[in-house]
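Input: a single structure, listed below in structure tokens.
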Number of protein chains: 2
Amino acid sequence: MTRIDDVARLAGVSTATVSRALRGLPTVSETTRMRVLDAANRLGYTASPSASRLAGGRTGSIAVVVPRLTRWFFATVVEAADEALQRAAYDLLLYNLGGREQARQRLLHTAALHKRVDAVMLVATPLHADDVAAVTGLAMPGVTVSSGTAVPGWPSIRIDDVAAARTATEHLVALGHRRIAHISGDDADELAFSTHIDRRLGYREALREVGIEPDPDLDVEAQFTVAGGARATARLLQRDDPPTAIFAACDEMAMGALATLREAGLSVPGDISVIGVDDHDLAGAVGLSTVAQSAADQGRLAADTLLRMLCDEAPDERSQVPLPTRLIVRGSTGPPRAA
Amino acid sequence: MTRIDDVARLAGVSTATVSRALRGLPTVSETTRMRVLDAANRLGYTASPSASRLAGGRTGSIAVVVPRLTRWFFATVVEAADEALQRAAYDLLLYNLGGREQARQRLLHTAALHKRVDAVMLVATPLHADDVAAVTGLAMPGVTVSSGTAVPGWPSIRIDDVAAARTATEHLVALGHRRIAHISGDDADELAFSTHIDRRLGYREALREVGIEPDPDLDVEAQFTVAGGARATARLLQRDDPPTAIFAACDEMAMGALATLREAGLSVPGDISVIGVDDHDLAGAVGLSTVAQSAADQGRLAADTLLRMLCDEAPDERSQVPLPTRLIVRGSTGPPRAA
DNA sequence: CTGAAAGCGCTTACAG
DNA sequence: CTGAAAGCGCTTACAG
């Protein structure tokens, strides 16, 4: 393949000048630059990334770590981040943990990222004390998205999960519901992934505020998936005194709830109201009320923040405050049947 | 950071031996290997990827190109491929085209992939004649997934889209439908991305086989999204003589159709039947009949095939034949109202 | 089984 | 503004 000295020879300059010209450094005369660009074009030259990286000390790559690409929130974050990174000519190295704790361990504690990327975006990745130490030891810019654990020096992009849950619960309360169930994450399973903890907290706060003591029987754990929400709802329906409303911690769970209710022949919101969090692509299609968050905004903001950090610019101000959420009332919530 | 000569010094061997020992080459004595491993561990040494790549000539990375990560099929393919690649210790470079034709052009014609990856997986990426030439010029192993255009020497992982569409259409015909609409891709928009062309073909074949001449008015173009399916369905409902059944080219479009029908106050399948293709994660939850394909199988198989090619092994036999599809009848299809 | 040395293809001070 | 030379940190023939 053609190398930098081929271009240098054709353009009649040194390789150093070719390198400078091609990277757009200011210290090259306009005529020289044109000659070099022309030569490079004629030869179809592209610099070898490995060589540039070794010599230059930067990789031009950013690692994006997600728990599960097939969940709406994560795919959307990655897609938005990818667009921003592509524009800045960074490569996106994808690490999908896929629920494999071992993959998480290997990634964090094996220096796998070490000389491989310039920065890291950790999306909803559980971090224990030793993980935080490992990640800090990377000594590179990073951001967390939707993460419960703060990493010193890393901006944290997120919504206010407690507030979002309060909004959802308050909506149900305002409609007149008293027996409100909650479907959320499994504490044992999800470790420091705190989203579900905060959403549960908001749910309880909103209930207590209006004098309702949260009923542990109505607070069920499930995976953050359609199937998880469906199973949890089936369990709720077996109670002697089932709820009149369900607040699911994400839209995928809420859609699972809708499926179970439909199969059980119950009408929504006639018999039971359902609300989620996210505003999933399909939430509108199934008429699901929800507390919307923008996964795309979070992905974009996380990428932009990282890019600024890589240029030693001050982090985006917006990365300091939680992103907004918004109640969207569709057909899945309504007043309970007159008691 | 610690380099290979630090390890060599501590272990009392040459850097060549460290390199061999750490990569598990067979030409190292067991005792030496132990000494080297021990030294590397003590120093927390990991080889610099850039240096290894430059010296070794392989990047250990694979490019995965998808049109849109946020569509179920593509996210699922990538997730499955990622798992296989991670296991083989390959990095996954994600290229999400996001509908940006310019991104596709840049990727294919700019030698961007050139010395950056060892192999390429092209998922549903439109390829014109000059694109095929560019991709072949890469001179590296590759596979296509769900692609209409064959690249010489590259295995093509796919289902039989014509047959899948026939299955869906025949199901509706068997239920007694005659006015069957089809919602599929936009020819102008999607170029050589042939999935929708094949599915339209299967739809027409199945109709003609039972003596029904496809009605162009019932064959509407839309984007492969929920919103696209919803809008297309709204258009169908405006016809003087609307269809009694809709075959949507993918489940996301079908779910959009369901949404529009629900909003229009029509019952499914009482007034109109709907069937899609995919078996999307949520198809079960919304009771959508569909022709299932396994995106995960395709992603896994594509990755495995690539890995074998990189080892100069014969490609997996399964990569030679279309993967199976399967009709799944749920609640969204039924006989038309007695005329 | 192991080592000395060349080489992978760039970028970066350092001079000029 | 430009070039000669060193160096980035590995791997790979080639010897032995």
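Heavy-atom basis, side chains included; hydrogens, waters and symmetry copies ignored. In what follows, every chain begins at residue 1, and chains take the letters A, B, ... in the order their sequences are listed.
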Which parts of [range] get close to DNA chain C, meaning a heavy atom less than 4.0 angstrom away?
| range | answer |
| --- | --- |
| residues 41-53 of chain B | none |
| residues 30-38 of chain A | none |
| residues 15-26 of chain A | Ala16(A), Ser19(A), Arg20(A), Arg23(A) |

Seminar exercise, completed: Residues passing the side-chain hydrogen bond (donor to acceptor under 3.5 Å, both in side chains) test with Gln298(A), sequence neighbours excluded, are Gln293(A)
Please set out all donor-acceptor pairs under 3.5 angstrom arising from side-chain atoms of residues 54-62 of chain A, sequence neighbours excluded.
unit_1, atom_1, unit_2, atom_2, d
Arg58(A), NH2, Tyr90(A), OH, 3.1
Thr59(A), OG1, Ser61(A), N, 3.1
Thr59(A), OG1, Asp118(A), N, 3.3
Thr59(A), OG1, Asp118(A), OD1, 2.9
Thr59(A), OG1, Asp118(A), OD2, 3.4
Ser61(A), OG, Thr59(A), O, 3.4

Any donor-acceptor pair under 3.5 Å from [X] side chain to [Y] backbone:
| X | Y | result |
| --- | --- | --- |
| Thr136(A) | Val132(A) | yes |
| Arg100(B) | Asn96(B) | yes |
| Ser156(A) | Ala150(A) | no |
| Thr125(A) | Val123(A) | yes |

Exercise. Where does DNA chain C form stems of at least three consecutive Watson-Crick or G-U wobble pairs, each pair having both distances below 3.5 Å?
Worked result: C:1-3 with D:14-16, C:5-12 with D:5-12, C:14-16 with D:1-3
Seminar exercise, completed: Of Thr2(A) and Val28(B), the one whose nearest nucleotide on DNA chain C sits closer to the 5' end is Val28(B)
Problem set entry | Within-4.5 Å side-chain heavy-atom neighbours: Leu107(A) and Val65(A) | yes
Exercise. Taking the side chain as C-beta and beyond, is there a heavy-atom pair between Met309(B) and Val143(B) under 4.5 Å?
Worked result: yes
Problem set entry | Ser29(B) side chain to Thr31(B) side chain, donor-acceptor N/O pair below 3.5 angstrom | yes
For this session: Please name all residues satisfying salt bridge (charged side-chain N to carboxylate O under 4.0 Å, His left out) with Arg158(B), sequence neighbours left out, ordered by chain then number.
Result: Asp161(B), Asp198(B)
Exercise. By salt bridge (charged side-chain N to carboxylate O under 4.0 Å, His left out), which residues pair with Arg3(B), not counting sequence neighbours?
Worked result: Asp5(B)
For this session: Could you check whether Ser29(B) gets within reach of a base, just the sugar-phosphate, or nothing at all, counting any heavy atom under 4.0 Å?
Result: sugar-phosphate
Exercise. Please, which pairs that meet salt bridge (Lys or Arg N to Asp or Glu O under 4.0 Å) have at least one residue in residues 127-137 of chain B, sequence neighbours excluded?
Worked result: Arg104(B)-Asp131(B)
Exercise. Among pairs that include at least one residue of residues 17-34 of chain B, which meet salt bridge (Lys or Arg N to Asp or Glu O under 4.0 Å), considering only residues two or more places apart or in two chains?
Worked result: Glu30(B)-Arg33(B)
For this session: Could you check Arg68(B) against Asp82(A) for salt bridge (Lys or Arg N to Asp or Glu O under 4.0 Å), going step by step and ending with a plain yes or no?
Result: CA-CA 11 Å; Arg68(B) 270 210 158 279; Asp82(A) 177 71; over 6 Å; no
Exercise. First and last nucleotide of DNA chain C in contact with chain A, 5' to 3', at under 4.0 Å to a heavy atom: what are they?
Worked result: dG9(C) to dA13(C)
Exercise. What pairs of residues pass the side chain to side chain donor-acceptor pair (under 3.5 Å) test when at least one of them lies in residues 40-52 of chain B, not counting sequence neighbours?
Worked result: Asp38(B)-Arg42(B)
